[in-house]
Amino acid sequence: MSSPIEIVSAVFSQYFDWIMFAAMGLVALWSVSRRNGKQRHARQLLRKAIHEDATAISLHPEVDPRRCTGCGTCTAACPEGEVLQLVKHRSVLVAPAKCVGHGECERACPMGAITLVFGTKTRGIDIPRITSDFETNVPGVYIAGELGGMGLIRNAVKQGHLAAKHALENLRTIGGHTDTDILIVGAGPAGMSASLTAVAAKKRYLCIEQNSFGGTVANFPRQKIVMTSPVVLPIVGPLKFKSNKVPKEELLEKWERIRKATTLKIQEAITFRGFEVHNGIFVVATSAGLIRTRKVILAMGVRGTPRKLGLPNEDLPKVTYHLVDPQQYRNRSIAIVGSGNSAAEAAIALANPRYENKVTLLVRGQGLSRCNDENERNVSALIAEDRIQMLTASEVKEIDRDFLVVQQKEQTVQLPNDYLLILAGTELPHKFLMGLGIEIEKKFGEPLATKLPDRKAL
Ligand SMILES: Cc1cc2nc3c(=O)[nH]c(=O)nc-3n(C[C@H](O)[C@H](O)[C@H](O)COP(=O)(O)OP(=O)(O)OC[C@H]3O[C@@H](n4cnc5c(N)ncnc54)[C@H](O)[C@@H]3O)c2cc1C
């Protein structure tokens with residue numbers, strides 16, 4: 001008599017072809033249903049974006065459907081999550097408001113079907129006019145970093161280097177005394193990189209900073225996780241971390257060590273006010289007096305003036321526009337206005353059960369339309385645990401010492417309130433730039449004039 005194993009193996013060998021055929025059929029069915037599920041989800045996201053009239057006007061990808069083969073490489077490359085997805089076998093921007101312009105999709109696309117652009121055909125965005133060398137229409141004045149319209153530390157570092165390199169290669173021999181060859185305004189990543197470039201070129205430079213070294217990163221909340229792609233700093237070389245997500249303290253510590261090792265000339269607590277040009281020399285007005293220089297690099301970022309609600313009582317001490325240390329807030333009723341990553345991350349930090357706060361997120365739209373998938377998931381989990389309350393379609397109407405009056409759809413809600421954090425973006429300093437004679441242009445779905453080289457080229 002045959003054993004059960006022998007019987008099974010006899011059946012298996014007799015029907016081998018049929019079994020393989022069935023297995024392949026099942027795999028094919030599974031992969032088609034998975035693909036259909038993903039496409040349905042992508043279409044849902046797209047419908048939501050259209051319904052909310054969400055558009056990306058800051059730097060974002062534009063996909064050429066004639067070149068796109070629907071390989072999906074770009075969709076997987078985005079660090080922010082489901083921003084680009086395949087719809088009808090073509091890559092489509094399904095969550096435009098979440099795009100922060102990483103550009104990983106553009107780099108990943110094997111067909112060259114993606115271009116990073118500013119604005120859309122119908123909605124323009126104002127950005128300073130700069131040449132491919134980051135020089136403005138005022139000869140000798142450069143703009144580098146986020147002030148030029150592109151966010152991210154990696155871009156700031158590259159632009160600071162390229163602007164300083166061009167400025168230093170084109171120092172004209174002008175008669176008359178100058179205090180420095182190149183004045184760099186702002187000591188964020190762009191200003192640091194420009195300063196290091198000047199050190200490498202052994203030229204005279206000075207970097208002034210109204211607050212402290214580190215720029216926007218120095219003002220991130222304690223222990224905020226920063227996403228950093230590897231960058232190459234002049235003199236220093238590649239700056240790598242164990243992971244591409246590091247606490248801000250670790251990033252700042254590294255920058256601080258570089259600053260000390262290269263004895264960077266950064267003067268803190270000095271504010272740039274403007275300049276005049278006399279015989280080809282810039283006479284720069286600062287809070288510490290006049291500085292005469294041949295070239296100016298504006299690396300001032302865009303965080304100087306936070307966007308306000310424009311309500312009476314907004315000057316109460318309980319209203320703030322930054323979250324630096326979540327530990328300062330304990331057992332308080334806190335409302336946060338905003339639907340981007342800053343607002344989401346502040347809510348997550350403040351809802352830590354150790355602090356016992358009552359956290360309310362006040363968003364204008366239907367949800368956290370402008371934040372990445374990870375933050376959105378974390379906030380949703382905290383809402384489910386009742387640690388964050390989110391009021392959608394809401395607007396603050398009145399700020400009182402002890403409460404807020406919030407309009408939510410047709411009803412008016414009174415919320416007990418100890419602190420109000422307004423994290424709704426910043427006012428761009430374009431008026432200030434225009435006052436310096438720098439032209440601002442409107443971009444309607446156009447790429448930046450500058451083409452950044454890849455890392456190795458630095
Ligand atoms: C909440 C939040 C989270 C972010 N997370 C990330 C992330 O995870 N990864 C990433 O790559 N990027 C992130 N970014 C973006 C990144 O921080 C910026 O793109 C980057 O810091 C821009 O660098 P910058 O040198 O151009 O400007 P900044 O870093 O803003 O530095 C500009 C400096 O100029 C100074 N300054 C301004 N005006 C004057 C003046 N008149 N006189 C003297 N000094 C002046 C400012 O005080 C500031 O220190 C985030 C931004 C925010 C707001």
Side-chain angles (χ1 to χ4, degrees), residues 58-59 79-80 100-104 128 134 142-161 163-164 183-195 206-221 224-231 239 241 243-248 251-252 255 266-275 284-288 291 296-307 321-324 336 338 340-346 348-349 370-372 374-375 421 423-426 428-429 432-433 435-436:
S58 57
L59 199 64
E80 296 297 301
V100 293
H102 281 283
E104 297 295 343
F134 299 91
Y142 295 73
I143 285 185
E146 202 160 357
L147 183 62
M150 272 170 102
L152 300 179
I153 296 164
R154 181 191 63 202
N155 292 332
V157 165
K158 283 182 189 169
Q159 296 186 3
H161 166 71
L183 179 75
I184 299 153
V185 182
M192 171 177 66
S193 173
S195 304
L206 178 62
C207 177
I208 57 167
E209 163 59 54
Q210 66 184 4
N211 296 323
S212 53
F213 177 60
T216 295
V217 178
N219 291 312
F220 284 168
K224 175 185 152 42
I225 299 298
V226 186
M227 272 205 261
T228 58
S229 337
V231 290
L239 199 60
F241 295 91
S243 139
N244 66 348
K245 291 180 174 181
V246 286
K248 77 148 198 192
L251 188 60
L252 284 176
W255 288 357
I266 295 175
Q267 294 194 0
E268 290 168 321
I270 298 184
T271 303
F272 165 83
R273 300 218 165 111
F275 57 69
V284 176
T286 77
S287 54
I291 300 172
V296 178
I297 295 185
L298 301 175
M300 297 154 55
V302 292
R303 312 274 155 204
T305 317
R307 196 166 287 145
Y321 301 88
H322 302 283
L323 173 67
V324 177
I336 302 162
N341 288 313
S342 307
E345 287 169 14
I348 295 164
R370 310 195 70 84
C371 82
N372 64 39
E374 189 181 341
N375 282 333
L421 264 76
L423 303 174
T426 49
L428 298 176
F432 178 68
L433 294 180
L436 299 174

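Order of appearance sets the numbers: ligands from 1, and atoms from 1 within every ligand. Scope of the values below: all heavy atoms of this structure, side chains included, with no hydrogens, waters or symmetry mates. In this text the structure is predicted, and so the values were computed from the model without any measurement.
Interface of V185 with ligand 1, defined as ligand atoms under 4.0 Å from a residue heavy atom, comprises 42 (N), 43 (C). Atoms of ligand 1 found under 4.0 Å from any heavy atom of G145 (numbered from 1 in listed order, with element): 26 (O). Each of the atoms 19 (O) of ligand 1 lies under 4.0 Å from some heavy atom of G151. Within ligand 1, the atoms closer than 4.0 Å to a non-hydrogen atom of I153 are 10 (C), 11 (O), 12 (N), numbered from 1 in the order shown. The atoms of ligand 1 that sit less than 4.0 Å from any heavy atom of N211 are 47 (O). Short contacts between ligand 1 and G186, defined as distances under 4.0 Å to a heavy atom of the residue, involve ligand atoms 33 (C), 34 (O), 35 (C). Listed by number with element, the atoms of ligand 1 under 4.0 angstrom from any heavy atom of A190 are 25 (O), 26 (O). Atom numbering of ligand 1 starts at 1 in the shown order; those under 4.0 Å from a heavy atom of V226 are 7 (C), 8 (O), 9 (N).
Annotation: L152 places an N or O atom under 3.5 Å from an N or O atom of ligand 1; distance criterion only.
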Trace of the side chain to side chain contact (heavy atoms under 4.5 Å, CB included) decision for F275 with L183: CA-CA 11 Å; F275 57 69; L183 179 75; over 6 Å; no
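With hydrogens left out, the protein atom closest to atom 20 (C) of ligand 1 is E146 OE1, 3.8 Å, a heavy atom. With respect to atom 27 (O) of ligand 1, the closest heavy atom belonging to the protein is G301 CA, 3.4 Å. Summary of contacts: the protein heavy atom closest to atom 41 (N) of ligand 1 is F272 O, 3.2 Å. Among all protein heavy atoms, the one lying closest to atom 1 (C) of ligand 1 is S342 OG, 3.1 Å. Scanning the protein for heavy atoms near atom 29 (O) of ligand 1, the closest one is T216 N, 3.0 Å. Taking atom 23 (O) of ligand 1 as the reference point, the nearest protein heavy-atom neighbour is P189 CG, 3.4 Å.
Contact annotation: I270 has at least one heavy atom less than 4.0 Å from an atom of ligand 1. At least one heavy atom of K224 sits closer than 4.0 Å to an atom of ligand 1. Using a 4.0 Å cutoff on heavy atoms, T271 counts as a contact of ligand 1.
Here A299 has backbone heavy atoms under 4.0 Å from ligand 1, and that is the only part of it that gets that close. Within the 4.0 Å heavy-atom criterion, neither part of N155 lies near ligand 1. Under 4.0 Å from ligand 1, the heavy atoms of A156 that appear belong solely to its side chain. By the criterion of a heavy-atom distance under 4.0 Å, neither the backbone nor the side chain of M192 is placed next to ligand 1.
Remark: the backbone N or O of A156 is not paired with any side-chain donor or acceptor of E146 at under 3.5 angstrom. Of the possible polar contacts, one joining the R307 side chain to the A424 backbone as a donor-acceptor pair under 3.5 Å is found. A donor-acceptor contact shorter than 3.5 Å links the side chain of R154 to the backbone of H102. One N or O on the side chain of Q159 and one on the backbone of G145 form a donor-acceptor pair closer than 3.5 Å.
Exactly one residue among I143, I291, V284 makes a side-chain contact (heavy atoms from CB on, under 4.5 Å) with V296. That residue is V284.
In this structure the side chain of K245 reaches within 4.5 angstrom of the side chain of E374, judged on heavy atoms. For the pair P189/W255, a side-chain contact is recorded, criterion being any heavy-atom separation below 4.5 Å from C-beta on. Put simply, the side chain of S193 does not reach to within 4.5 Å of the side chain of K158, judged on heavy atoms. Counting heavy atoms from C-beta on, the side chains of M227 and E80 come closer than 4.5 Å. Looking at heavy atoms from C-beta onward, V157 lies out of side-chain contact with L239 at the 4.5 angstrom threshold. Within the 4.5 Å cutoff, no side-chain heavy atoms of L252 are placed close to those of F220. The shortest side-chain heavy-atom distance between E345 and P221 does not fall under the 4.5 Å cut-off.
Remark: A164 pairs with I182, A194, T197, I297 by the side chain to side chain contact (heavy atoms under 4.5 Å, CB included) rule, at least two apart or across chains. Considering only residues two or more places apart in sequence or on other chains, T426 meets the side chain to side chain contact (heavy atoms under 4.5 Å, CB included) condition with V302, R303.
Checking F220, F213, F432 against atom 52 (C) of ligand 1, the nearest heavy atom belongs to F220. Selection from H102, E209, E268, R154 by nearest heavy atom to atom 33 (C) of ligand 1 gives E209. Nearest to atom 9 (N) of ligand 1 by heavy-atom distance, out of M300, M227, Q210, is M227.
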